[in-house]
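Down below is the structure, laid out as C-alpha cells.
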Amino acid sequence: MISNPTPQRELRGHMPQRPTPRAAATGEHHAQLAGRLTVRDRWLARMLHEHKVFTTSQIVELCYPTMRAANHRLLDLFKWRVVDRFQPFVSSGTAPMHYVLDVAGAVALAYEDGLDPRQLGYRHEDAIGIAHSLRLAHTVGVNGFFTALVALSRQSDARGRLTAWWSELRCGRLFGDMVRPDAYGRWHEDGQQVEFFLEFDFGTEDLGRLASKLYGYEKLATATGITTPVLVWLPSNRRETSARRALADALLQLDRPALVPVATSAADLTGVADASSPAVRRWLPVVDKSARAHGRLRLAELVRVWPQLETLATQSSPTPQEQATELTAPNPLPPRPSNNHFPRGK
C-alpha cells in the first residue's frame, strides 16, 4: 500500500508560460516583439510559413551554428508564440522536436509584407494539425532534401549555392492544373546552374502513377517553353531500379521526351562521399536504349548530359505571380548574422 503518493503536478515536466493565441495577436504583444525579433527570426518564420514544418536538426542546417544555439533561441520563439512545436509518436526512441509557425509569427509576417493578417488565411489549428497528417513524414523528407543543400551553401568553402526553393503548395498554385511537384529548386555550382522539380518517393506510391506524372511535366514544358529537369528521390536502390524502368517506358510514350529530362537517386546509395547530400555524384539520368548511358553525376553536372539545358541561362525561370494575399517566396539562404544582441526572454 502506498500511503504517500507523488503529487500529479510533480510528474509533469516544466511547461514555459506562453500568452494565449488571442493575446499573441494584440498590438501590445507585437510592440514587445518589435524589439526582440531578429532578422533571422523573421526569416525562419517566413520559411515555416512556406514549408510548414522543420525538425530541430533541419533548423540547425538552415540557420544556426550549433544545436545548443538553436534550442536556446527556439525556446524564446516558442514562449513568444512565434513558433509552436510537437513531437510525433514513434514506436521506439524519441522523435525530434518539430516546429511550425504560431500566431504571433504569422501576424508579424503579414504586417511585414503590408497585409491584413486575416488575408493570409492562417489558422493555428491547421498549422499544428500537421502533427496528425499522414503526409508529415513526406513533408519532413522533402524539406530535409533542401535543408541539406542549404547547409552545403552555408559552408565557408561551399562549391554551390541554393538560390531558389518553392514549396509544394506554391508549385500547386502555379502549375497545379498540369502537374504538382513536391518542390522546385535552383542550384548553382562551378558556374553551372540547374533548375529542377523534385518528386520525393517514399516507396508507397504506385510506380505507374509516379511515371504518369511525366505527361504533366511535358504539358508544362510545352506551355511555358521552359525545360526543367525532374529529379526523383527514392528510398532504396532496389526501388530506384524498378522506378527507372517505369520512367523510361513513360518517356517513350511522350510526344517530346526531350522536354522532360529525368534523373534518379536512392537514399541508401553506397560508394559515394557524403551520401546524405543531394549535390554529390549520385544522380543517374534516365535515357532510352538508343542514347549513351551515363554514370552517376553531381547535381550541377546534369546540365552537361542534357544539351537542351545549355540555354537555361537565357530562359526565363518560372516566376510566381504573387497575389496580394500571399507572402513572397523567401530566400532559401538565411540573412547574414546581425551584430545586434538581443536579450533572451524571461
Side-chain angles (χ1 to χ4, degrees), residues 24-25 30 33-34 36-54 58-59 61-64 77 80-84 99-124 126-127 130 139 142-147 149-151 153-154 161-188 193-198 220 224 226 228 312 315-338:
H30 282 273
L33 285 184
R36 293 175 173 177
L37 294 185
T38 66
V39 175
R40 182 175 61 183
D41 295 335
R42 295 176 183 275
W43 174 84
L44 178 59
R46 190 174 294 270
M47 290 289 284
L48 283 170
H49 181 269
E50 175 80 8
H51 303 292
K52 302 304 180 187
V53 60
F54 292 119
Q58 289 175 347
I59 291 176
E61 289 183 311
L62 284 173
C63 57
Y64 284 97
L77 297 178
W80 302 332
R81 297 206 78 115
V82 175
V83 303
D84 206 347
Y99 288 87
V100 299
L101 187 65
D102 206 342
V103 175
V107 172
L109 290 181
Y111 285 134
E112 192 174 78
D113 277 24
L115 302 175
D116 186 323
R118 292 171 294 184
Q119 290 180 290
L120 288 183
Y122 170 87
R123 295 177 69 249
H124 180 251
D126 293 337
I130 197 173
T139 302
V142 172
N143 289 349
F145 179 99
F146 284 93
T147 60
L149 291 177
V150 172
S153 305
R154 294 177 58 213
R161 180 182 178 89
L162 184 67
T163 59
W165 172 16
W166 299 345
S167 66
E168 178 184 5
L169 185 60
R170 188 175 296 272
C171 290
R173 290 197 299 264
L174 295 171
F175 320 122
D177 56 334
M178 291 173 279
V179 71
R180 193 182 182 95
D182 290 323
Y184 161 84
R186 189 190 307 120
W187 177 255
H188 281 264
Q193 172 180 274
V194 58
E195 294 179 301
F196 59 90
F197 291 118
L198 178 67
L220 176 63
T224 62
I226 302 172
T228 305
L312 185 62
Q315 293 179 342
S316 298
S317 300
T319 302
Q321 300 296 318
E322 307 290 355
Q323 300 179 9
T325 58
E326 295 178 2
L327 296 183
T328 56
N331 187 324
L333 299 187
R336 293 187 176 183
S338 171

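No hydrogens, no waters, no symmetry mates; every other heavy atom, side chains included, goes into these values. In what follows, residues are counted from 1 in the order of the sequence shown. Everything numeric here is computed off the predicted structure, so don't read it as measured data.
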>> Which heavy atom of Arg180 sits nearest to which heavy atom of Leu169, and what is that distance?
In response: NH2-CD1, 4.0 Å
> Between the side chain of Asn143 and the main-chain N/O of His51, is any donor-acceptor distance below 3.5 Å?
Replying inline: yes
> Is there a donor-acceptor contact under 3.5 Å from the side chain of His30 to the main chain of Ala24?
Replying inline: yes
> What distance separates Leu77 CG from Asp41 CG, expressed to the nearest 0.5 Å?
Replying inline: 4.5 Å
>> How long is the straight-line distance from CD of Glu195 back to OG1 of Thr228, given to the nearest 0.5 Å?
In response: 5.5 Å
>> Would the distance check show the side chain of Asp116 and the main-chain N or O of Arg118 forming a donor-acceptor pair, the cut-off being under 3.5 Å?
In response: yes
> Looking at Asn331 and Leu333, what are the two nearest heavy atoms and their distance?
Replying inline: OD1-N, 2.9 Å
> Sub-3.5 Å donor-acceptor pair from the side chain of Asp102 to the main-chain atoms of Ala104, do we have one?
Replying inline: no
> Could you give the distance from OG (Ser153) to NE2 (His188), rounded to the nearest 0.5 Å?
Replying inline: 10.5 Å
> Does a side-chain heavy-atom distance below 4.5 Å link Trp80 with Leu37?
Replying inline: yes
>> Ignoring hydrogens and geometry beyond distance, is a side-chain donor-acceptor pair present between Thr147 and Glu61 at under 3.5 Å?
In response: yes
> Does some side-chain heavy atom of Tyr64 sit less than 4.5 Å from a side-chain heavy atom of Pro334?
Replying inline: no
> Nearest heavy-atom pair of Trp43 and Pro332: which atoms, and what distance?
Replying inline: CZ2-O, 3.5 Å
> Does Arg42 CZ have over 12 foreign heavy atoms under 6.0 Å away?
Replying inline: yes
> Can you tell me how far the CG atom of Leu44 sits from the CZ atom of Arg40, to the nearest 0.5 Å?
Replying inline: 9.0 Å
>> Give me the atom names and distance for the closest heavy-atom approach of Phe146 to Gly185.
In response: CE2-CA, 3.9 Å
> Do Leu48 and Val83 touch side chain to side chain, with heavy atoms closer than 4.5 Å?
Replying inline: yes
>> I need the minimum non-hydrogen distance between Arg186 and Leu162, along with the two atoms involved.
In response: O-CD1, 3.3 Å
> What distance separates Glu50 CD from Met47 CE, expressed to the nearest 0.5 Å?
Replying inline: 8.0 Å
>> Is it the case that the ring center of Phe175 lies less than 6.0 angstrom away from the ring center of Tyr184?
In response: no
>> Tell me the closest heavy-atom pair linking Trp187 and Leu149, and the distance in Å.
In response: CZ3-O, 3.7 Å
> Taking the six-membered ring for Trp, are Phe145 and Phe196 parallel (under 30°), tilted (30 to 60°) or perpendicular (over 60°)?
Replying inline: perpendicular
>> I'd like to check Glu168 versus Val142 (side-chain heavy atoms, cut-off strictly below 4.5 Å). Are they in contact?
In response: no
> Does the side chain of Phe197 come within less than 4.5 Å of Val179's, by heavy atoms?
Replying inline: no
> Roughly how far, to the nearest 0.5 Å, is the CG atom of Leu101 from the OH atom of Tyr122?
Replying inline: 5.0 Å
